[in-house]
Chemist: 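If you scroll down you'll find the structure; I have some questions about it.
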Amino acid sequence: MGSKKRESSSKEESGAELVENNQKVNSDSGNASAEPSNKRMKKEKKKKDIENPEIENKSDVDVASTSSNGHKASLNSMERRKHRKLVDKGKHGAETKKIEPVPEKMDIELKNESNESASTSNGSCVVLPEFHIGVFKDLAAADASGREAAAKSLVMELREVQNAYDKLENKNVVEDASKLEAEKDDGLNNCAPSLRYAVRRLIRGVSSSRECARQGFALGLASLVGTVPSIRLESLLKLIISLLEVNSSMKGQEARDCLLGRLFAYGAIARSGKLTEEWISDNNTLLIKDFTSCLIALAVKKRYLQESAVSVIVEMVGKLPIEALVDHVLEAPGLKEWFEGATEVGNPDALLLALKMQEKIRVEDKCGKLLPSHYSKSALFAADHLSNISSCLKESTFCQPRVHGVWPVLVSNLLPDVVQDVDSALGPISIKKHKKSRKFNSAEEDIERNLRCFCEVTIEGALLPSSHDRKKLAFDVLLLLLPKLPASCVHVVLSYKVVQGLMDILSTKDSWLYKVAQNFLKELSEWVVHDDVRRVEVIVALQKHSNGRFDCITRSKTVKDLMAEFKTESGCILFIQNLMTMFLDEGLSSEEPSDQSQTTDDNSEIGSIEDKDGLATLGVSEFLKTWVVESLPNVLKHLKLDQDARFRVQKEVLKFLAVQGLFSSSLGTEVTSFELEEKFRWPKSAIPNALSQMCIEQLQLLLSNAQKGEVPHAVASGVEANDLGSYFMRFVNILSNIPSVSLSRALNVDDEKAFKKVQAMESQLSREERNCGLSSDASKLHAIRYLLIQVLLQILLRPGEFFEAASELVMCCKKAFGSSDLLESSGEDEPDEDGAPELMDVLVDTMLSLLPQSSAPLRSAIEQVFKYFCNDITDDGLLRMLRVIKKDLKPARHQKTDIEDEDADDDDDLLGVEETEESDEGETGETANSDEQTDDSEAVSGVDAVTAELPEASDDESDEGMDDDEMFRMDTYLARIFREKKNQAGGETAHSQLVLFKLRVLSMLEIYLHENPGKPQALKVFSNLAQAFANPQTTEGSEQLGQRIWGIIQKKIFKAKDYPRGEAVQLTVLEPLLEKYLKLAAKPFKRKKSASNPSKKKQSASWNRHKMMNSLAQSSTFWILKIIDARSFSESELQRVHDIFQTVLVAYFDSKKSQMKCEFLKEIFKRRPWIGHHLFGFLLEKCSCAKSKFRQVEALDLVTEILKSLVSSNTDKSGEDASKKMLKSHIPKLCHLIKHLATNMPEKQSRRADVRKFCGKVFQILTSFNMIFSFLTALEPDGHTACESQLGEIFLALKKREN
C-alpha cells in the first residue's frame, strides 16, 4: 500500500510539473510541430524516481488549461476529467484554446470571482510578478558562487510574488500552472501557488544526488524559509516527511537519498532561524521537541547520518535561548536514552552534543556518563572520566581522513586561547604581582595536569596501542594541540610513548603510517620555526626519549636541522642550559641522601641538590650524555652572531665541558666559586672515564674553532678580550685553587710537572702578547699559546705520552720569546751551549713528535704555529719532514724493476736525486700568496688505481746523510705510531697509521710552499715529493696519499704564483733534474713479464699511472726550464743544458725505446726558443740521416717550429739580423735536407703530403728573409731536378720569385 501510494503521489506531482516543450511556430502557416507521443511520455516518467521527480527541461513553459488546434495535451485520465470540467464551465464551450509559449516563467492570472464562466477573451485578469523556474537548474551548479546567486534570485522573486499575493482580497480564484499540485493538502494555504510549488520542489531537490543539488537546494530552502514568514514550520515538517518518506520497498540507494534529503532539509530549517522565531512567538510550541526528535531518530537509524544530525542540533542549540534548551531540546523524546547508551556503544557524536550544550547550560545530570557528575575541566579530564569516554573517542575514527568534531571541542576545553608561556606571561617578577603570579602558576599547573591525564589516558592508553587508524588519529589530535600548546608543556605531549611510536613508524618506510609521521614532524618543525623556547623543548623531548638517537633510528635529520636553526644568543643559551640539565639529570629522584654536613672554606661554598619526591625514574643513559657532550660545540656551527655574543655562548659551553671533563668535587655535587660568582654541578653518579675523555676532546674542538673564527689579532682591551684560550686558562686556575675541587685524573710526576710548566708558560706568553700590540710577534705568540693549551689538554687526555713534547715546547718558547720576565729555567731544561741544536730544528722535531697520535684540534694548532714560523725553518728541519714522506716500512732491499733489458741500468734510480746535489744556500726571491690550501681528500681525475709499479728503484738512499740523532728521532716518530695499535685486535695497521702521519706532514709542507713559493728550498721540496710519488712503495696501498702528493706538486709548485729565483738557485742543481725528467718523459710503457694475462683493471691502473708519470715529467721539465730561463745564464753556462737536449734528440732518432712525444719537444721549442736555435743545425743533420721514416717526417715539425720562432723574433732590426744570420749559416744543411727529402720521398701518401707541406713552409720563410738566391745557389743540380719532379709548382714558384 505504501508503495502504491508513493507511486501515485509521485505521478501526480510529476504530472503537475511536467511541461510541454517549446514549439517552433511557422509565421506563414501557423502550424506547430506535434507534441511528444504518449509512449515517450511514459518512458520519461519511468526514468523519474523519488530522488529527482521534477523535470527540468531547458525550456519550461506554463501548463495551459487547453490545447491548440490539433495539439491535445498528453495528460492522464484524472487530469483529463478535471480539464473537461473546467472547459464545460467556459461560456463559449470551446474545446481548444491557443497556447502561447512563455519560456521559463509562470503567469498567474486572477479570475473575477463574480464572473465564474467568463472567458479570457472578454474577461479582465491581473498578472502577478513572474517567477523564473530556471533558477532551480542553477541551484545544482558545482560553483558555490553560482548557487548563492541562484538562491538569492529565487528568494527575491518569490518574495515579490508572495507580497503581491498577500495584497489580494480574494485568493480562491488564483490559478496558475502549478494549481494541480497546489490543490493538495500541504498546509501552505497562505502561500502563493508559485511559493508552494517552489517549497515542494526544494524539498524534493535536497534528495537529489545530481552534482551539488543537495547543497544548492538546501541553501535555497534555508533562505526561503528564513525570509518568507508565510511558510508555516509545522506544515513544512509534515511536507518533508511526506515527500521524503522511506518505506521497506525502496532500494538502498533510493532510501539513502531520501534520508540524506531529510537531513539536508532539517539542516536548512535549523540554519534559517525559524525555530527561534517559533519559540519566541509561542514558548509552549512542540515543534522544537519534534524537530529534535526527528534528528535523533535519523542519527539512530544510520551511522553515516549521526555526525551530520548532531551538527544540525548543535547549530540549532547555538541559535536557541537557554530556556528553550532546558524546556524543549533536553526534553525531546529519545534524547536522554541516546545519551545514556553512548558510552556503551562508543558514540562520539553524543559526546560532542553534550559538550556543546554544556557550554550554554549545565546538562551533566542528563547526559548519562558522557560528562562528570560535578562538571569542571579538571573533572572532565580526570583519568577515571577519560576512561569512561575512551570508547566514544576511539570510535571517532569512522570519519577519517577528517578529524571528528569532538576533538577540537576537547582541545579548546583543554587548552584555552588565553594560555601563554610562563616566561612571556610573567615577565619580570615583582612583589606587587606576586599573588597574581601565584594564581597564574596555579592555572598553569591545572592545565599541565589535565593535559598529562589526557595524553596518558587517551593518546597513549587508548589510541596509540590500537589500530593504524587510531594511531593516525593520535598524531592528528597532537597536531590540534600544537597551536595552543605552551612551550612548558611540550614534554607532556612528546612523551616517551609518543616518541617511541614515532621512531617505530619512521624506522620502516614501508609502513602505512610513514607519511603520517613525516607530516607530524614537518608540522612540528614549522611550529617551532620562530620560537627558540619551543625548539629547545622539542629537541630535548625527542632526544631524551630516544636515548639521543632519534635521527639515527628514524634515518632522518630532524634533530640536526632543528639544532641548525638557532639564530639568537638567548636561544643558544637556553638550549645549552637544557642540555646541561639533561646531562646532570636534575629534577629526577635519587636514593642518594643529600649531604648537609659539608663545610665551606674561604674560596668555595658547597651546596646540595634537593631531593624531589617525584617519579622514581632512572637516570639519563650514558649514550644520551654522549650526545649532549657532542652537541654542545655544534650549537655554534651554524650560528651567526657578533663576536661578543658568540664569545658569551662559547664561555658557557667551555665552562661546562671543563668542569665535567677536567675536574671532580670531593664534597658533594655542587660547588660555588665566589671569584666567578657561579655554581658548578656534577652528576650524582660518577662520570665514566670515556665520557670525561670526550668532554676534553670537545673542549679541544671548541678552542680550535674559536681560534679559527677569531678576527685578526688586535690589542687586548680587557682581561680576556674575547680570547677563549685566555679565559680557559684563567678558569682552570680558579677551579684548581678551590680546595674541594681537583683534577678528575691523577697525574704522575712527569705529567704534573709538564702540566704546571705549560700553565706558567702560557700565562707569561699571554702577558707578552698583550704587550706586543699589532706586531707580527703577537700572531706568533697567539698561535703558540693555543698550541700550549692543546698540549695541556693532551696531557690530561693521554697521560704519560706528551710530557716530553710539552717540556720541549716550553723550552722552545723560552728560546724564541726569551725576555727578562719569563720564568727562570731549571737546570735540566737548559741544553749545553756547545752543540745546541737550532731553535727551529727543535720546534720542528717537537711538532713532528706530536703529529702521529694528535687529534684534529691539535693538528690545527700545530699547523697554525708552523705557518708563522716556517719562514725561519732550516734545511735540516725541512729534510726531516721530507724524509717522513719518503719513509718506507719495508726493509731496504733490491727491488726488481719492470724493465729487464740491456738498458735497465739507464732506467734505474731515475728520480734518485741525492740531497747533497741540491742547494742548501740562503733564501731569496719574493713571496706570493696563493688563494687556498688543498685538503687531504684532494684527488686527481683520471686515476682509477695506483697499484701498478713503474721501473723506478726504491729510495734506497733516503736515510743517507742522517746522523745518529736524526735516525733516533725518526725511529721515535715511527715508534709513536705503533705504540698503542700494535696489540689491538681489529685496530689500524702500522701502514695505515704511517700513511696518516705522512698526510699530516704533507699538510705542513703545503703550508711551507704556500708561504715560500719563491725560495730555493722549493726545489728541494719538489724533488723529494716527486721521488716519493714516483716510488710505488711510497704510495702503495693508499691512493689518497698519491693523490695528495700529486695535488701539492700541481697546485703549490707548478701553478704557484712564484717560483725559485735568484742567485741561490744553482744551475748544477737544475741540470740533473732536467736530465732525469727528460728521460722519464721518454720512458716507454711496458707490462710485467710475469703477468701473462693481466686483468683489465690492472692494465688500466698501470696505464693511468704511466700517463701520470709522463705528465709529471713534462710539467717538471717546463717548470725547471722556466727557472733556468729566469736566471739569464750565459751561452757557455747553458752548454750542459744543450748537451742534455742533444742526447735526448739522439735517442729520439736512433732508439726505438725512446717514447718522447714530438708535441712535447715542439712545446719546449715554442716556450724556450733559445733551445731550438742552438739545436737547429743538429736537428737538420739528424733529419737527413734518420733511420726511421716516421721519426724523420715527425721531426720536420720540430724544424718548422724553430723556423717559425726565427720569424717571430724579428721584432726589431737587431733581432732580424740575428735570425737572418743564423738561418744563413744553416743554408747548406737545409739544402741537404730538402734534397734528401725530395730524393727519398716516403711511400705513404700522407707522409709525402707532410714533406711537401714542410718544403712549402721552408720556401715561404726563405722568401720572407730574402734568402731565395742563397738557397738555390747552395742547392746542388741533382737537388734541383729532384725538387722539380717531386715538389713541382711549389719549387717552380720559388724560382720565379728569385727571377
Side-chain angles (χ1 to χ4, degrees), residues 2-18 44-57 133 135-142 147 150-151 154 178 181 184 186-188 195-225 231 233 235-272 274 291 294-295 297-309 311-312:
S3 177
K4 292 181 179 179
K5 182 179 179 180
R6 174 66 182 168
E7 184 178 356
S8 174
S9 175
S10 176
K11 289 182 178 180
E12 182 179 344
E13 293 160 12
S14 300
E17 287 179 46
L18 190 61
E44 290 179 359
K45 288 177 183 178
K46 289 180 180 179
K47 290 180 182 178
K48 299 177 185 295
D49 54 9
I50 195 67
E51 304 157 36
N52 190 13
E54 68 274 15
I55 299 177
E56 298 177 12
N57 294 324
I133 62 175
V135 295
F136 289 111
K137 179 182 178 182
D138 296 333
L139 283 177
R147 297 196 299 270
L154 171 76
S178 65
E181 182 181 3
K184 297 176 182 178
D186 54 11
L188 302 176
L195 179 59
R196 297 166 67 183
Y197 168 78
V199 170
R200 296 172 69 89
R201 185 163 180 178
L202 288 172
I203 293 173
R204 288 194 300 270
V206 293
S207 66
S208 173
S209 60
R210 180 171 60 90
E211 224 172 359
C212 296
R214 287 195 181 98
Q215 294 90 324
F217 279 75
L219 174 63
L221 184 60
S223 304
L224 190 61
V225 172
I231 302 175
L233 187 57
S235 302
L236 192 62
L237 291 176
K238 291 180 180 179
L239 197 60
I240 291 172
I241 295 174
S242 64
L243 291 178
L244 301 177
E245 182 182 4
V246 178
N247 53 55
S248 59
S249 64
M250 287 185 176
K251 296 180 180 179
Q253 181 65 29
E254 186 179 6
R256 181 176 181 271
D257 288 337
C258 283
L259 291 174
L260 288 174
R262 290 172 65 178
L263 182 62
F264 272 81
Y266 291 145
I269 293 174
R271 183 162 295 182
S272 68
K274 194 74 171 180
F291 183 79
C294 290
L295 285 169
L298 276 179
V300 173
K301 185 169 292 187
K302 295 293 182 181
R303 178 63 179 270
Y304 60 83
L305 299 173
Q306 184 172 275
E307 185 181 10
S308 300
S311 299
V312 174

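All figures in this text were calculated on a predicted structure; none of them were measured in a lab.
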Chemist: So, for V246 and A255, which heavy atoms are closest and what is the spacing to 0.1 Å?
Modeler: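 Smallest heavy-atom distance, with atoms named: CG1-CB, 3.9 Å.
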Chemist: When you compare the side chain of L295 with that of L305, does any pair of heavy atoms fall below 4.5 Å?
Modeler: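 Heavy-atom side-chain distance check fails, nothing below 4.5 Å.
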Chemist: Rounded to the nearest 0.5 Å, what's the gap from CD on E254 to OG on S249? Could you check?
Modeler: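 If I round to the nearest 0.5 Å, the distance is 7.0 Å.
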Chemist: Using side-chain hydrogen bond (donor to acceptor under 3.5 Å, both in side chains) as the criterion, list what pairs up with R271, not counting sequence neighbours.
Modeler: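 Residues passing side-chain hydrogen bond (donor to acceptor under 3.5 Å, both in side chains) with R271: E315.
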Chemist: Going from CZ on R201 to CD1 on I133, what distance comes out if it is rounded to the nearest 0.5 angstrom?
Modeler: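 Answer rounded to 0.5 Å: 5.5 Å.
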Chemist: Side chain of S242, backbone of L239: donor and acceptor closer than 3.5 Å?
Modeler: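 Side chain of S242 to backbone of L239, a donor-acceptor pair under 3.5 Å: yes, one is there.
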Chemist: So D138 and L154, do their side chains get closer than 4.5 Å, heavy atoms only?
Modeler: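 Side chain of L154 against side chain of D138, heavy atoms only: no contact under 4.5 Å found.
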Chemist: I'd like to check the side-chain contact (heavy atoms from CB on, under 4.5 Å) partners of K238; sequence neighbours left out, ordered by chain and number.
Modeler: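 By the side-chain contact (heavy atoms from CB on, under 4.5 Å) rule, K238 matches E234.
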Chemist: Taking only residues two or more places apart in sequence, or in another chain, which ones meet F264 in a ring-ring contact (aromatic ring centres under 6.0 Å, His included)?
Modeler: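 Applying ring-ring contact (aromatic ring centres under 6.0 Å, His included) to F264 gives none.
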Chemist: Which donor-acceptor pairs under 3.5 Å do the side chains of residues 214-222 make with protein atoms, sequence neighbours left out?
Modeler:
residue, atom, partner, partner atom, Å
R214, NE, V206, O, 3.4
R214, NH2, D257, OD1, 2.6

Chemist: Could you tell me which non-hydrogen atom of L139 sits nearest to which non-hydrogen atom of A151, and how far apart they are?
Modeler: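 Shortest heavy-atom contact: CD2-N, 3.6 Å.
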Chemist: CD/E245 to CE/M250 distance, rounded to the nearest 0.5 angstrom?
Modeler: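 The CD atom of E245 sits 7.0 Å away from the CE atom of M250.
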Chemist: Please list, chain by chain and in numerical order, all residues satisfying side-chain hydrogen bond (donor to acceptor under 3.5 Å, both in side chains) with Q306, sequence neighbours excluded.
Modeler: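 Expected list: N347, D349.
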Chemist: So which heavy atom on L188 is nearest to which on S235, and how close?
Modeler: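 Between these two residues, the closest heavy atoms are CD2-CB, 4.1 Å.
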Chemist: Ignoring hydrogens and geometry, is there a side-chain-to-backbone donor-acceptor pair from R147 to A142 under 3.5 Å?
Modeler: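 Confirmed, R147 side chain pairs with A142 backbone.
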Chemist: Shortest non-hydrogen contact from V225 to I231?
Modeler: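 For V225 versus I231, the nearest heavy atoms are CA-CD1, 4.3 Å.
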Chemist: Do you know which two heavy atoms are closest between V312 and Y266, and how far apart they sit?
Modeler: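 Scanning both residues completely, I find the closest heavy atoms to be CG1-O, 3.8 Å.
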Chemist: Does a side-chain heavy-atom distance below 4.5 Å link L233 with F291?
Modeler: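 The answer is no, as the side chains (C-beta and beyond) never meet within the 4.5 Å cut-off.
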Chemist: What pair of heavy atoms forms the shortest contact from R262 to I240, and how long is it?
Modeler: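 Smallest heavy-atom distance, with atoms named: CG-CG2, 4.1 Å.
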Chemist: Does a side-chain heavy-atom distance below 4.5 Å link V199 with I203?
Modeler: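 In contact.
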Chemist: Rounded to the nearest 0.5 Å, what's the gap from OG on S308 to CG on L260? Could you check?
Modeler: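 Nearest 0.5 Å value for the OG-CG distance: 8.0 Å.
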